[in-house]
Amino acid sequence: MSRKLGAITLAGLLALAAGGCGGVGGGDDAGGTAASGTLSTMGFGLSDEIATSRVDAFKRDHPDVDLKITEGAFDEQQFLSAVASGNPPDLVYMDRKLIGTYATRGSIQPLTDCVDKQGIDMGRYRQAARDQVTLDGTVYGIPEFSQVRVLYLNEGLLKQAGMTVDDVNLADWAGLPQLNAKLAKVSGGKLTRIGIDPKIPEFLPMWAKANGADLISPDGRTAKLDDPKVVEALSTGLKLIQDQGGFGRFKSFRDTFDFFGAQNPLTKNQIVAWPMEEWFLNQAAKNSPKAELAVEPFVDRQGKPLTMSSGQAWVITKGAKNPDAACAFVKQMTETDTWFAAAKARADARKASGQPFTGVWTGNMEADQKIFDELYQPTGNKRFDDAVATIRSAQDNAFAMPASPAGAEFDKAWYDAVNRVLAGQAQPAEALARAQQEATAALDKAAK
């Protein structure tokens, strides 16, 4: 799931050391001598076979490295404090949209030497992912997964409403409220079934893009939050939520959903149409393979497929005690053969449990090609097979929020604006105008 940004204190940011121009080298490992010493991480967990099989491969090939993985999600305040104290972890697994801010503040190292000496081919990574880890021509992170958004539909509920998948037309914004009214169940202000979930704040950049607008310039240095097309996108999403009892009731109901379990909202018929990351297909295949799920591309207002890419990346911290082992680790975790072996581990596990394997989606284009050419087999379930084809197509046509020297602050500005609107504290134009001022101030400060 998309994670909301935590507040970043000014004091924490100012405590970060100024960045150098050097970078992390491949060290002795790149020259043929195995990496050694202690290697620590933050923000990563051994949650499944995709993670464990890759970590096991590194341990096998680098037996002299004492790898210490601190499991758990990335914690910004903990990270800032660790860097400021001069005792950071060597590696951090973080959302790619944060990289520009931390690169500008000097809390993470350029990977120029690491990429060169370890022979990491950045051309293998998807353009959208590369853009998010590259600031002013310098690479600061190595991309991991590639998450894209598609439209999930509960075809069973559509049939009950006398409709088909083709009747759900996200290009027709004027018709969305009427469509939403047919699909949602609201009685006495109580919501018992979501019709259309616009997934805002998280997906506002995608709705804005569908309306022909970007939240920020391609170079990540000029905010465009007060663009009328962005305001229209937010207003459209707001209307869908207001018509389903308002954000308080809407969020309270949605917060009960278990997207990772057998009692997910698809199985329980709690939602009809919603854009979401591609990972839900994997969960649906695992937990509810017989559900009447349809997956379609998200589209712009002209009906052309559109999606937003995001994901995590590995970065090496300023002050890392074992940068050479860190560089060897990020290479192995994201290279083609490692990804393929991890995907095979998942495919074997699914086969053993009688569940369909729907692929693994990475930031490495070569790895994905190998996975789908040599490992993936159609499941025999047309719903899942069509969904895989839809996601593969979306991966090749994704845009991403660009790296920005004030990426974290920019994100906070527009997230806060949307939340004020959803809470009824401001109108879309007013909230986004304020966010424009806040974001511009942060970008101007970062440029000094």
Side-chain angles (χ1 to χ4, degrees), residues 22-72 74 79 82-83 87-94 96 99 108-125 129 133 139-145 311-346 348-349 360 362-364 366-368 370-371 375:
V24 179
D28 292 336
D29 184 65
T33 302
S36 61
T38 299
L39 179 63
S40 58
T41 77
M42 173 188 286
F44 183 73
L46 302 174
S47 58
D48 56 22
E49 65 276 355
I50 301 296
T52 57
S53 64
R54 290 183 297 142
V55 168
D56 287 345
F58 177 79
K59 290 180 177 179
R60 177 197 66 214
D61 294 344
H62 300 85
D64 293 331
V65 175
D66 180 15
L67 180 61
K68 296 186 180 299
I69 293 177
T70 302
E71 295 203 47
F74 173 67
F79 170 62
V83 173
N87 190 35
D90 299 296
L91 280 164
V92 178
Y93 189 63
M94 66 169 60
R96 294 197 284 265
I99 286 177
I108 60 177
Q109 300 193 33
L111 299 186
T112 306
D113 292 342
C114 171
V115 168
D116 181 42
K117 293 181 180 179
Q118 280 285 349
I120 299 174
D121 181 3
M122 293 303 296
R124 294 178 180 176
Y125 299 93
V133 300
V139 173
Y140 286 90
I142 304 298
E144 267 240 347
F145 293 100
Q312 309 296 105
W314 287 103
V315 300
I316 300 178
T317 59
K318 187 72 174 178
K321 295 178 177 60
N322 198 347
D324 293 339
C327 186
F329 181 88
V330 298
K331 178 187 179 182
Q332 185 150 14
M333 288 290 284
T334 62
E335 67 182 1
T336 299
D337 289 345
T338 311
W339 275 123
F340 184 81
K344 188 176 187 307
R346 170 160 290 176
D348 290 346
V360 175
T362 82
N364 182 333
E366 183 182 86
D368 282 8
K370 185 177 177 68
I371 289 168
L375 182 62

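Model, not experiment: these values are computed from the prediction.
- Shortest non-hydrogen contact noted between Leu67 and Phe58 is CD2-CD2, 4.3 Å.
- In this structure, CD1 on Ile120 lies 5.0 Å from SG on Cys327, to the nearest 0.5 angstrom.
- Heavy atoms only, all atoms of each residue included: Met122 and Gly141 are closest at CE-O, 4.3 Å.
- Here salt bridge (charged side-chain N to carboxylate O under 4.0 Å, His left out) pairs that include residues 39-57, with residues two or more places apart or in two chains, are Asp48-Arg346, Glu49-Arg346, Arg54-Glu144.
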Would you check, one step at a time, whether the test side-chain contact (heavy atoms from CB on, under 4.5 Å) holds for Asn364 with Phe340?
CA-CA 11 Å; Asn364 182 333; Phe340 184 81; over 6 Å; no
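- Residues Ala320 and Pro323 share a closest heavy-atom pair of O-CD, 3.5 Å.
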With side-chain contact (heavy atoms from CB on, under 4.5 Å) as the criterion, how do Gln332 and Arg60 come out once you've worked through the C-alpha distance, each side chain's angles and the decisive distance to 0.1 Å?
CA-CA 11 Å; Gln332 185 150 14; Arg60 177 197 66 214; 4.2 Å; yes
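- Heavy-atom minimum distance, Ala325 versus Val65: CB-CG2, 4.3 Å.
- Under the salt bridge (charged side-chain N to carboxylate O under 4.0 Å, His left out) criterion, Asp368 pairs with Arg126, not counting sequence neighbours.
- Side-chain atoms of Thr317 never come within 3.5 Å of backbone atoms of Gly319 as a donor-acceptor pair (strictly under, hydrogens ignored).
- With sequence neighbours left out, the side chain to side chain donor-acceptor pair (under 3.5 Å) criterion links Lys68 to Asp66.
- Taking both residues in full, the closest heavy atoms of Ile50 and Ala342 are given as CD1-O, 3.4 Å, listed atom of the first, atom of the second, then distance.
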Candidate pair Asn322 and Thr38, rule side-chain contact (heavy atoms from CB on, under 4.5 Å), full reasoning
CA-CA 7 Å; Asn322 198 347; Thr38 299; 5.6 Å; no
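- Between Phe44 and Trp314, the ring planes are tilted. Angles from 30° to 60° get that label.
- Atom NZ of Lys321 sits in a crowded spot, with more than 12 heavy atoms from other residues, nucleotides or ligands closer than 6.0 Å.
- Residues Cys114 and Val330 share a closest heavy-atom pair of SG-CG2, 4.4 Å.
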Does Val133 form a side-chain contact (heavy atoms from CB on, under 4.5 Å) with Tyr125? I'd like the steps, not just the answer.
CA-CA 11 Å; Val133 300; Tyr125 299 93; over 6 Å; no
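- Taken from CG in Asp121 to CD in Glu335, the straight-line distance is 11.5 Å, to the nearest 0.5 Å.
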